[in-house]
Structure formats: C-alpha cells, structure tokens
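Structure, as structure tokens:
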Amino acid sequence: MNITRKKTTQSKRALEILATLEHLYPEATCSLTYETPVQLLVATILSAQCTDERVNQVTPNLFARFPDASSLANAPREDLEILIRSTGFYRNKAKNIQGACQKIVSEFGGEVPQQMEKLLSLPGVARKTANVVLAHGFGIIQGVTVDTHVKRLSGRLGLTKETDPIKIERDLMTLLPQPDWENFSIRIIYHGRAVCKARKPDCDRCKLAHLCPSAEIKSTR
DNA sequence: ATCCCGAGGG
DNA sequence: CCCTCTGGAT
C-alpha cells in the first residue's frame, strides 16, 4: 500500500513536470538534421558526448559525399574520420558507423531495421541511440531516451535514484504514460541545455523549481 | 571502472 | 587548468 501510494504520487509529479515542459517547449523536436533513417542513425551515433550543434556542422558534408548505407559502408575509413573528426571519439565513431552500415546492407537490405533487437545488434548502437531512431525515424515509442541530460535532470528532479541509464529508463517508463516517453525526453533535453545545466543550474529561472527537490532556495540561509 | 577524443566555456 | 557535450564497448 505504501509503495503503491508512493508510486502514484511520483507519477503524478512526473506528469506535472511533463505538462510544464510541454508548455515551456511546445515546438521541441529532434534537433539533429537528417533526410533519411540511415542519416538519423549516423547523426545519433555522432552525437555521443558532443553537442547536436556540432553534429549538424559535419553531417552536411558527410551526407553530401556518403548519403546512404552502401556508400558509407564502402567509404575509405580515413575519409570518414576526417569528415567527423570535430565530433570527438572519431575513430570509434567512424568504425561503428561503417560497421553498422555494412550490416544494414548485408542483413537488412540497406534500410534501418525498425525492431529494437535488430538495432541493438548494430555496432555502436545501444538503447539511447535505438530509442532516438525508432521514435524520430519511425514514430515507434519503445522506451525512454536516456542521455546525459535525461540522466542528470531525472536525478535532480527526484524521479529516480538510479545511476545506470537502463535502470533510469525503467523507472521513467513506469512513471510516465507510454505515448509521452519521447515527448518527455526531448523536452527534458531542451530544459537541460537551456536552464538545468550541468555546471550551474539556473534554479532562479526554472519553471520546475516548485516541483524539484534539488532547487536551491536562495532566500533562506 | 576505463577508454575513446575534439571543442568550447569558465 | 577542469568540466561538459543527446554513449557505447571492453
């Protein structure tokens, strides 16, 4: 009973947070630029530990030369590395992009698969990347995208005590209605970038402060 | 737990 | 200098 009641309270608070975020960022969408599911997958792999702004800076040149899975699969590794270098982790990312595209060509007919298990079988693709591709590429809501922002804000907002992204995702999936899973993530990310920043969270201007156990109240001492 | 890794902010 | 940015594999 206690647990059920507690979960209900938390879930209600999660919904209030989501409602506030929807009001705050009505137009929030995936901020990566892409034309096809393959390009979305590649851009998402590139977005690891890197701002989406920087990803969008390299992908136009990348996709102009290697627009699809087969051209990426057959590209000289060094050309890929040079094109994506500024996004960091460029050797791993180039290897993973190429490996993923080779498998997409050889096993999935050159198209990004729409099943979670098949996506997870691609090198460099785990739940975060798979969730982004399924949601924004195909409109399939399979889980909650947990990136560095979702992880940080979920903790600060008291929506989870976990630190493992998989467990955080499980908590958020319990707290939120399935159709809103990606809506929540995308807006949390916007809020994490603009207000609830990693270094210096701007609690004074935060519209979620009244719902947040971590908000700093500066008037008390 | 550690490694991969560039770029920008403080 | 240190920290952070839509992580994933070993």
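A note on names: the letters A, B, ... follow the listed sequences, proteins ahead of strands, and every chain is numbered from 1.
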Please report, rounded to the nearest Å, how far the C1' atom of B/dA7 is from the OH atom of A/Y90.
-> 14 Å
Distance, P atom - from B/dC5 to C/dT10, rounded to whole angstrom = 14 Å
Can you check whether A/T145 reaches A/E169 side chain to side chain, under 4.5 Å on heavy atoms?
-> no
Using atom CG of A/L46 as one end and atom P of B/dA7 as the other, report the distance to the nearest whole Å.
-> 14 Å
Between A/D171 and A/K161, does at least one N-O distance fall below 4.0 Å, as a salt bridge requires?
-> no
Residues A/R91, A/E81: salt bridge by 4.0 Å N-O rule = no
Could you measure between the two P atoms, the one in C/dT6 and the one in B/dG10, and give it in whole Å?
-> 15 Å
Nucleic acid contacts of residues 68-87 of chain A, taken as heavy-atom distances under 4.0 Å to DNA chain B = A/R85, A/S86
Summarise protein proximity over nucleotides 3-10 of chain C in one line of letters, 5' to 3': B for base, S for sugar-phosphate only, - for none, counting protein heavy atoms closer than 4.0 Å.
-> BSBBBSS-
Within this structure, what is the CD-to-P distance between A/Q57 and B/dG6, rounded to whole angstrom?
-> 16 Å
Any side-chain heavy atom of A/R156 sitting closer than 4.5 Å to one from A/C196?
-> yes
Heavy-atom side-chain contact between A/W181 and A/L172 under 4.5 Å = no
Going by heavy atoms in the side chains, are A/L46 and A/F89 under 4.5 Å from each other?
-> no
Taking the six-membered ring of A/Y190, is NZ or CZ of A/R193 closer than 6.0 Å to its centre and within 45° of its axis?
-> yes
Approximate separation, where rounding is to 0.5 Å, of A/L211 CG and A/L18 CG = 11.5 Å
